[in-house]
2 protein chains.
Amino acid sequence: MPAAAPPLRITPASPLFLREDEIRRGIELLYFGYTAMIRGADAILEAQGFGRAHHRALYFIARRPGLSVGELIGLLGITKQSLGRVLTELQARDLVEQAIGTTDRRQRLLSLTAAGTALETRLFTELERSMARAYGEAGQQAVTGFWSVLMGLVPPEDRPRVEALQD
Amino acid sequence: MPAAAPPLRITPASPLFLREDEIRRGIELLYFGYTAMIRGADAILEAQGFGRAHHRALYFIARRPGLSVGELIGLLGITKQSLGRVLTELQARDLVEQAIGTTDRRQRLLSLTAAGTALETRLFTELERSMARAYGEAGQQAVTGFWSVLMGLVPPEDRPRVEALQD
DNA sequence: CAGATATGTCAACATGACTGTCCCAACGAT
DNA sequence: ATCGTTGGGACAGTCATGTTGACATATCTG
């Protein structure tokens with residue numbers, strides 16, 4: 001059972017919820033909410049000499065162990081040169097390891113080492129703290145709305161890739 | 001009246017909506033949704049030789065005309081040196097102007113020129129296109145949930161600053 | 001008047017993205 | 001079996017945007 005919701009006073013969207021004011025409210029909350037959630041992990045990363053780019057790579061490798069370099073590039077939306085540096089550093093620190101692809105031997109399938117899993121868990125726990133508090137304050141129904149709007153922001157052609165993360 | 005919602009199949013949050021899977025879903029949707037919304041304006045910015053930092057400054061100056069440099073620094077969460085470079089460039093291009101503070105003459109109150117307003121409007125229209133589509137697909141009630149969760153992500157001590165943007 | 005505050009500026013540096021190029025190994029089809 | 005394509009790695013240079021630190025100036029406040 002979820003804890004009783006503390007009083008989070010949110011003005012509901014009006015029937016005219018496509019007015020500029022309400023659009024701007026969404027833009028601003030998305031900006032501040034996103035940066036607030038991310039910020040929690042920054043101290044851990046900095047202590048390790050890593051940045052947010054390393055975090056994103058760790059996150060998706062943890063989420064889809066055995067994914068190929070190309071798939072990770074697609075998820076992150078960056079170039080292979082940009083990812084290359086990050087991946088090299090994570091491997092040098094024994095947080096990420098590669099395996100030769102089984103069906104296609106050109107592929108390098110990425111996974112976390114035990115140390116990598118440990119770090120990713122610490123980072124995830126930070127994000128989880130923010131997100132769980134927000135979910136708990138807002139309630140189950142609000143969470144569904146939150147997901148709906150965010151998925152609506154993703155261009156339809158990119159949605160399958162996001163859905164595919166959900167097993 | 002809003003257009004009939006197209007079929008946006010979103011699995012609702014389960015009663016156990018604080019499980020790791022559902023937390024991860026929120027993290028991922030927040031990441032992909034945020035980047036998708038932002039991306040729309042990038043082409044306009046690049047054509048002008050600007051980046052996202054310029055966009056954020058323009059956005060908040062448009063939102064709160066006459067705000068001081070210190071207030072803008074607080075909203076953006078960056079140092080005055082970082083903002084200084086951005087602001088200098090925007091002023092050199094006659095998009096932003098300064099006025100001496102009325103009650104405190106040390107303050108520089110920022111506002112957009114006509115050209116600045118024109119550019120900000122173009123950029124906003126891009127964001128609005130994404131956001132309005134997402135709102136429309138998800139519906140009024142989902143928008144309220146979207147706002148609730150995002151506000152819950154913002155640390156309570158930072159919430160007044162976000163609320164203050166809503167007039 | 002003295003100290004604190006708002007802002008500006010110069011310099012050095014770090015991160016993380018980009019483009020462009022070249023390379024090699026492995027796949028796939030002819 | 002050769003050949004074009006693909007997955008991945010490596011090197012070089014550049015750019016945007018953030019950081020710290022130090023110092024200057026004008027103005028406010030006690």
Side-chain angles (χ1 to χ4, degrees), chain A residues 31 34-35 38-39 41-61 66-93 96-111, chain B residues 31 34-35 38-39 41-61 66-93 96-111:
Chain A
Y31 170 68
Y34 177 75
T35 60
I38 291 294
R39 203 164 42 225
D42 284 348
I44 298 173
L45 289 165
E46 192 184 2
Q48 306 278 331
F50 292 132
R52 291 179 180 177
H54 303 88
H55 187 184
R56 287 194 289 272
L58 285 175
Y59 181 93
F60 285 115
I61 297 171
L67 90 172
S68 69
V69 171
E71 287 167 343
L72 184 51
I73 287 172
L75 282 171
L76 295 175
I78 60 177
T79 61
K80 67 172 178 175
Q81 292 90 335
S82 296
L83 178 60
R85 176 166 35 196
V86 168
L87 228 39
T88 300
E89 288 165 2
L90 291 173
Q91 286 167 344
R93 294 273 293 273
V96 166
E97 56 191 3
Q98 289 186 341
I100 303 288
T102 50
T103 65
D104 184 339
R105 291 175 48 81
R106 291 171 303 179
Q107 293 183 331
R108 299 302 126 117
L109 308 185
L110 302 168
S111 56
Chain B
Y31 170 68
Y34 177 74
T35 59
I38 291 295
R39 204 164 40 227
D42 284 349
I44 298 173
L45 288 165
E46 192 183 3
Q48 306 280 329
F50 292 132
R52 291 179 179 178
H54 303 88
H55 187 184
R56 288 193 289 273
L58 284 174
Y59 181 93
F60 286 115
I61 297 171
L67 91 173
S68 69
V69 172
E71 287 167 343
L72 184 51
I73 287 172
L75 282 171
L76 295 174
I78 60 177
T79 60
K80 67 173 176 176
Q81 293 90 333
S82 295
L83 179 60
R85 178 166 35 200
V86 168
L87 229 39
T88 300
E89 289 166 2
L90 291 173
Q91 285 167 342
R93 295 272 294 272
V96 166
E97 56 193 1
Q98 289 185 342
I100 303 287
T102 50
T103 65
D104 184 339
R105 290 174 49 82
R106 292 171 303 179
Q107 292 183 331
R108 300 302 126 117
L109 306 184
L110 302 167
S111 58

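Chain letters run A, B, ... following the sequence lines, proteins first and then strands; every chain starts at 1. Since the model is a prediction, treat every value here as computed from it, not as a measurement.
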J.: With rounding to the nearest 0.5 Å, note down the distance linking CD1 in A/I38 to NE2 in A/H55.
T.: 7.0 Å
J.: Among residues 100-111 of chain B, which contact DNA chain D at a heavy-atom distance under 4.0 Å?
T.: B/D104, B/R105, B/R106
J.: Check B/L90 against B/A57 and note the closest heavy-atom contact, atom names and distance.
T.: CD1-CB, 4.0 Å
J.: Does A/R108 reach the side chain of A/I100, with side-chain heavy atoms less than 4.5 Å apart?
T.: yes
J.: Measure the CG-CD distance between B/L87 and B/Q91 for me, rounded to the nearest 0.5 Å.
T.: 5.0 Å
J.: Is there a side-chain contact between A/L110 and A/Q98, using heavy atoms and a 4.5 Å cut-off?
T.: yes
J.: Can you list, pair by pair, the side-chain donor-acceptor contacts under 3.5 Å of residues 70-81 of chain B, counting residues two or more places apart and other chains?
T.:
residue	atom	partner	partner atom	Å
B/E71	OE1	B/S68	N	2.9
B/T79	OG1	B/S82	N	3.3
B/T79	OG1	B/S82	OG	3.2

J.: Do A/E89 and A/R85 have side chains that approach each other closer than 4.5 Å (heavy atoms only, starting at C-beta)?
T.: yes
J.: How close do B/S111 and B/G66 get, counting heavy atoms only, and between which atoms?
T.: CB-N, 4.4 Å
J.: If you walk 5' to 3' along DNA chain C, what is the first nucleotide with an atom under 4.0 Å of a heavy atom in chain B, and what is the last?
T.: C/dT5 to C/dC10
J.: With side chains defined as the heavy atoms from C-beta onward, is the minimum distance between B/V96 and B/V86 less than 4.5 Å?
T.: no
J.: Are any of the side-chain heavy atoms of B/R106 and B/V69 separated by less than 4.5 Å?
T.: no
J.: Would you call A/D42 and A/L45 a side-chain contact if the rule is heavy atoms closer than 4.5 Å?
T.: yes
J.: Look at the rings of B/Y31 and A/F60 and say which category their plane angle falls in: under 30° parallel, 30 to 60° tilted, over 60° perpendicular.
T.: tilted
J.: Describe, as an angle rounded to 10 degrees, how the axis at the first end of the helix from C/dC1-D/dG30 to C/dT30-D/dA1 is tilted relative to the axis at the last end, five pairs per end.
T.: 40°
J.: Using a cut-off of strictly less than 4.0 Å between a heavy atom of the residue and any atom of DNA chain D, enumerate the qualifying residues of residues 73-87 of chain B by number.
T.: B/G77, B/I78, B/T79, B/Q81, B/S82, B/R85
J.: Mind checking whether B/H54 and B/F50 have parallel, tilted or perpendicular rings, split at 30° and 60°?
T.: tilted
J.: Would you mind classifying the nucleic acid contact of A/Q98 as base, sugar-phosphate or nothing, using non-hydrogen atoms under 4.0 angstrom?
T.: sugar-phosphate
J.: Going 5' to 3' along DNA chain D, which nucleotides are the first and last within contact of chain A (any atom under 4.0 Å from a heavy atom)?
T.: D/dT6 to D/dC11
